[in-house]
Amino acid sequence: MALYSEKVMDHFLHPRNVGVIEDADAVGEVGNAKCGDIMKMYLKIKDDIVEDVRFETFGCGSAIASSSMATEMIKGKPLSEVKNLTNKAVTEALDGLPAHKIHCSVLAEEAIHSALDDYYRRRSETEKASD
Ligand code: FES
């Protein structure tokens, strides 16, 4: 059996939503101290819906495939759903990852959660400023 599923290979070789959103409403950046890989997630949010999402991943193939799949899973979704995205869901959507590569999908979950934290932080600052 191949080590990586066809979906992993497809998202690794043809990653969706790669890039930067210059005027993003939220940016999340996380890293894995062990392997040194870094993932950055940019969100454009309107009416609590993820209108657009882009990512930059400086890391392994599984991390690239996981971020690509994760962006597909959250695009057009309400934040209430996005916040519940787990690395397990990403891994399942990729038809699995080898056990020693599961941590790469955790980066995708963490990058999205970090971007959401940034979004809520910015929003509360804006609300405070307008008080
Ligand atoms: Fe570092 Fe995959 S080996 S994220």
Side-chain angles (χ1 to χ4, degrees):
M1 204 189 90
L3 188 56
Y4 293 105
S5 72
E6 277 179 28
K7 277 196 192 160
V8 172
M9 290 311 293
D10 180 36
H11 279 266
F12 167 51
L13 295 172
H14 312 284
R16 282 52 148 192
N17 306 308
V18 175
V20 175
I21 299 177
E22 294 295 347
D23 60 341
D25 297 307
V27 181
E29 183 173 342
V30 291
N32 181 309
K34 269 195 198 151
C35 62
D37 291 353
I38 295 170
M39 193 181 289
K40 222 167 165 181
M41 203 59 77
Y42 302 82
L43 302 180
K44 197 78 196 148
I45 296 167
K46 192 165 177 223
D47 299 331
D48 281 351
I49 304 270
V50 174
E51 274 202 324
D52 199 9
V53 50
R54 296 267 181 259
F55 78 89
E56 292 178 306
T57 291
F58 307 97
C60 73
S62 298
I64 292 169
S66 296
S67 22
S68 169
M69 178 57 87
T71 58
E72 292 270 270
M73 292 171 81
I74 66 167
K75 204 171 189 175
K77 294 279 164 43
L79 298 186
S80 55
E81 238 177 83
V82 172
K83 74 175 175 20
N84 294 327
L85 185 86
T86 61
N87 79 296
K88 191 167 178 276
V90 173
T91 307
E92 280 171 8
L94 286 168
D95 291 339
L97 281 169
H100 66 288
K101 286 287 176 182
I102 294 291
H103 76 273
C104 314
S105 65
V106 173
L107 266 192
E109 175 190 319
E110 289 178 349
I112 287 169
H113 288 168
S114 161
L116 285 181
D117 286 348
D118 182 44
Y119 177 67
Y120 289 120
R121 192 171 40 241
R122 288 189 200 196
R123 204 157 85 168
S124 78
E125 277 166 17
T126 314
E127 278 163 13
K128 263 188 223 150
S130 63
D131 277 347

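Just so it is clear, the model here is predicted, and its values are computed rather than measured.
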OG on Ser130 to NZ on Lys128, rounded to 0.5 Å
11.5 Å
Rounded to the nearest 0.5 Å, how far apart are NE2 of His113 and CD of Glu110?
9.5 Å
Go through the side-chain N and O atoms of Glu56 and Tyr42 and say whether any donor and acceptor fall under 3.5 Å apart.
yes
Is there side-chain contact between Arg54 and Thr71, with at least one heavy-atom pair below 4.5 Å?
no
For a side-chain contact (heavy atoms from CB on, under 4.5 Å) check, start with the C-alpha distance between Ser114 and Met41, then their side-chain angles and the critical distance, and finish with the verdict.
CA-CA 8 Å; Ser114 161; Met41 203 59 77; over 6 Å; no
Without hydrogens or angle criteria, can the side chains of Ser5 and Asp95 be said to hold a donor-acceptor pair below 3.5 Å?
no
Rounded to the nearest 0.5 Å, what separation is found between the SG atom of Cys35 and the CG atom of Leu107?
6.5 Å
Specify the closest pair of heavy atoms between Val8 and Ala65, including all atoms of both residues, with the distance to one decimal.
O-CB, 3.6 Å
Arg16 and Asp10 ion-paired at < 4.0 Å
yes
For the residue pair Cys104 and Ala63, what are the closest heavy atoms and their distance?
CB-N, 3.7 Å
Can we say Asp48 and Lys77 salt-bridge, meaning some charged N sits less than 4.0 Å from an Asp/Glu carboxylate O?
no
Cluster question for you: counting only ILVMFWY and a side-chain heavy-atom cut-off of under 4.5 Å, with indirect links fine, are Phe55 and Leu85 together?
yes
As an exercise, state the distance from CZ of Arg123 to CG of Asp25, rounded to the nearest 0.5 Å.
10.5 Å
Looking only at heavy atoms, the pair that brings Leu3 and Pro98 closest together is O-CG, 3.6 Å
Do Ser68 and Thr57 come close enough that some side-chain heavy atom pair is under 4.5 Å?
no
Shortest non-hydrogen contact between Lys7 and Leu94, atoms and distance:
CB-O, 3.8 Å
Is there a path from Val53 to Tyr120 through hydrophobic residues (I, L, V, M, F, W, Y) whose side chains come within less than 4.5 Å of each other?
yes
Approximate separation, where rounding is to 0.5 Å, of Asp37 CG and Phe58 CZ
11.0 Å
Are any non-hydrogen side-chain atoms of His11 and Ile64 less than 4.5 angstrom apart?
no
Residue pair Glu109 / Lys88, side-chain heavy-atom distance below 4.5 Å:
no
Could you go through the side-chain contact (heavy atoms from CB on, under 4.5 Å) check for Ile49 and Leu79 one step at a time?
CA-CA 6 Å; Ile49 304 270; Leu79 298 186; over 6 Å; no
Restricting to non-hydrogen atoms, name the atom on Ala70 and the atom on Ala108 that form the minimum distance, rounded to 0.1 Å.
CB-CB, 4.0 Å
Are Ile45 and Glu51 close enough, and set up right, to give a side-chain contact (heavy atoms from CB on, under 4.5 Å), and what steps lead you there?
CA-CA 5 Å; Ile45 296 167; Glu51 274 202 324; over 6 Å; no
Determine whether Val82 and Leu116 make a side-chain contact, defined as any pair of heavy atoms from C-beta on separated by less than 4.5 Å.
yes
Would you kindly confirm whether Val20 and Ile74 end up in one hydrophobic cluster when ILVMFWY residues are joined by side chain heavy atoms under 4.5 Å apart?
no
Side-chain contact test, heavy atoms from C-beta onward, threshold under 4.5 Å: evaluate it for Val27 versus Lys40 and give yes or no.
yes
Please determine if Lys44 and Asp23 form a salt bridge, counting it only when a charged side-chain N lies under 4.0 Å from a carboxylate O.
yes
Measure the shortest side-chain to side-chain distance between Lys101 and Cys60 over non-hydrogen atoms and say whether it is less than 4.5 angstrom.
yes
According to a 4.5 Å side-chain heavy-atom criterion applied to Ile, Leu, Val, Met, Phe, Trp and Tyr, with indirect links allowed, do Met9 and Ile102 form part of one hydrophobic cluster?
yes
Do Met73 and Val106 land in one hydrophobic cluster if side-chain heavy atoms of ILVMFWY residues count as linked below 4.5 Å?
no
Restricting to salt bridge (Lys or Arg N to Asp or Glu O under 4.0 Å), what partner residues turn up for Asp118, sequence neighbours left out?
Arg121, Arg122
What distance separates Asp117 CG from Ile112 CD1, expressed to the nearest 0.5 Å?
12.0 Å
Within-4.5 Å side-chain heavy-atom neighbours: Leu43 and Val50:
yes
